[in-house]
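Report on the structure given below.
A, B, ... follow the sequence lines: proteins, then strands. Residue 1 opens every chain. A quick note: this is a predicted structure, and the numbers were derived from the prediction, not measured.
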Amino acid sequence: RKEVEQDPGPFNVPEGATVAFNCTYSNSASQSFFWYRQDCRKEPKLLMSVYSSGNEDGRFTAQLNRASQYISLLIRDSKLSDSATYLCVVNKPLVGATNKLIFGTGTLLAVQP
Amino acid sequence: GAVVSQHPSWVICKSGTSVKIECRSLDFQATTMFWYRQFPKQSLMLMATSNEGSKATYEQGVEKDKFLINHASLTLSTLTVTSAHPEDSSFYICSASRFRSTDTQYFGPGTRLTVL
């Protein structure tokens with residue numbers, strides 16, 4: 001089983017649509033969760049951290065369910081500029097060593113005009 | 001703040017040559033730097049973690065003699081791909097964090113390596 005699993009998509013949605021991405025992780029000891037955005041042939045950029053109580057940043061809402069080891073990202077009112085690959089990222093705590101980040105393979109979003 | 005640069009942004013080389021990639025934190029001191037590799041349509045895979053002044057810790061399956069990592073200062077880490085082969089062609093991305101205990105990593109723009 002992969003440490004972080006995502007639906008690869010692609011998700012093709014019209015402008016203005018609401019779209020949701022899901023992610024599951026296998027390490028119950030993970031404490032930090034993130035959504036990154038990666039444009040084609042570019043480095044990943046942090047979109048938002050995900051907190052236990054859920055958090056919102058403008059049109060983006062992230063949720064975390066620790067019991068189910070499940071993370072979600074909701075994008076409302078999709079824009080053309082939201083087209084990218086969205087990476088679910090989870091930390092892997094290591095005793096006596098630097099924590100690692102584990103990246104999902106990403107979900108490709110294509111917003112159509 | 002928290003800008004990370006990489007150089008070169010792309011490189012094409014012949015099989016058997018060595019390629020050095022630099023990763024710099026421009027406006028902060030990076031205690032820890034990470035090197036990732038990303039093949040097309042795949043996720044970022046961590047290759048190694050390096051703490052300033054220490055030997056790098058390599059992930060399973062990554063040859064330390066082939067991918068030489070040096071983190072001699074708090075603002076610079078280098079990755080040297082020795083005797084590169086076409087299968088080493090990939091997108092190499094570094095990231096840096098201020099502290100060992102933090103999960104916040106700042107990513108460089110990546111280096112696209114093509115080995116002919």
Side-chain angles (χ1 to χ4, degrees), chain A residues 1-10 21 23-27 29-52 62 64 71 84-110, chain B residues 1-7 9-10 21 23 30-52 54-60 62 71 77 89-114:
Chain A
R1 182 187 172 189
K2 288 183 182 176
E3 292 182 274
V4 178
E5 292 206 61
Q6 293 182 252
D7 180 345
F21 304 137
C23 168
T24 57
Y25 61 96
S26 62
N27 191 336
S30 295
Q31 295 293 325
S32 303
F33 310 91
F34 310 91
W35 283 101
Y36 277 74
R37 170 196 169 126
Q38 186 174 25
D39 291 289
C40 188
R41 303 174 79 84
K42 300 282 189 181
E43 78 278 22
K45 292 186 189 292
L46 179 64
L47 181 65
M48 58 197 302
S49 300
V50 186
Y51 303 117
S52 296
L64 168 65
I71 307 162
T85 297
Y86 290 82
L87 306 172
C88 176
V89 182
V90 176
N91 85 319
K92 183 172 184 175
L94 298 172
V95 176
T98 307
N99 291 352
K100 299 195 297 188
L101 292 182
I102 308 298
F103 286 76
T105 51
T107 300
L108 179 61
L109 171 66
Chain B
V3 178
V4 176
S5 70
Q6 270 185 252
H7 178 81
S9 54
W10 60 270
I21 303 170
C23 176
T31 304
T32 305
M33 286 186 168
F34 304 84
W35 286 96
Y36 294 85
R37 181 168 53 180
Q38 186 177 32
F39 292 107
K41 298 189 186 299
Q42 295 187 26
S43 63
L44 272 75
M45 296 299 294
L46 181 65
M47 298 175 68
T49 302
S50 75
N51 293 303
E52 185 265 339
S54 304
K55 286 186 180 178
T57 301
Y58 289 80
E59 294 300 298
Q60 193 172 8
V62 178
H71 190 172
S77 176
S89 299
S90 187
F91 191 41
Y92 291 85
I93 308 174
C94 74
S95 70
S97 65
R98 288 189 170 94
F99 311 110
R100 294 186 191 194
S101 58
T102 184
D103 290 318
T104 302
Q105 296 182 20
Y106 304 98
F107 284 83
T111 296
R112 194 160 299 279
L113 170 64
T114 302

*Mind ranking B:G110, B:S95, B:G108 by heavy-atom pairs under 4.5 Å with chain A and telling me who comes out on top?*
B:G108
_Can you tell me which of B:M45, B:Q42, B:R112 forms the most heavy-atom pairs within a distance under 4.5 Å of chain A?_
B:R112
*Atom of B:F107, atom of A:E43 and distance for their closest heavy-atom approach*: CB-CG, 4.1 Å
*Go through A:T105, A:L87, A:L108 and name the one with the most non-hydrogen pairs under 4.5 angstrom from chain B.*
A:T105
*Identify which part of B:L44 has an atom lying under 4.5 Å from any heavy atom of chain A, answering side chain, backbone, both or neither.*
both
*Say you draw a straight line from OG of B:S43 to CD of A:Q6; how long is it, rounded to the nearest 0.5 Å?*
9.0 Å
*asked:* Return the OG1 to CZ distance between B:T104 and A:F34, rounded to the nearest 0.5 Å.
replied: 5.5 Å
_Pairs of heavy atoms under 4.5 Å with chain B: top-ranked of A:S32, A:G104, A:P44_ = A:P44
*asked:* To check you understand the geometry: which heavy-atom pair defines the closest contact between B:Y36 and A:L101, and what is its length?
replied: OH-CB, 4.0 Å
*For B:F91 and A:Q38, which heavy atoms make the closest approach, and how far apart are they?*
CE2-NE2, 4.3 Å
_Atom group of B:Q6 that falls short of 4.5 Å from chain A, counting heavy atoms_ = neither
*asked:* If you count every heavy atom of other residues, nucleotides or ligands that lies below 6.0 Å from B:F39 atom CZ, does the total exceed 12?
replied: yes
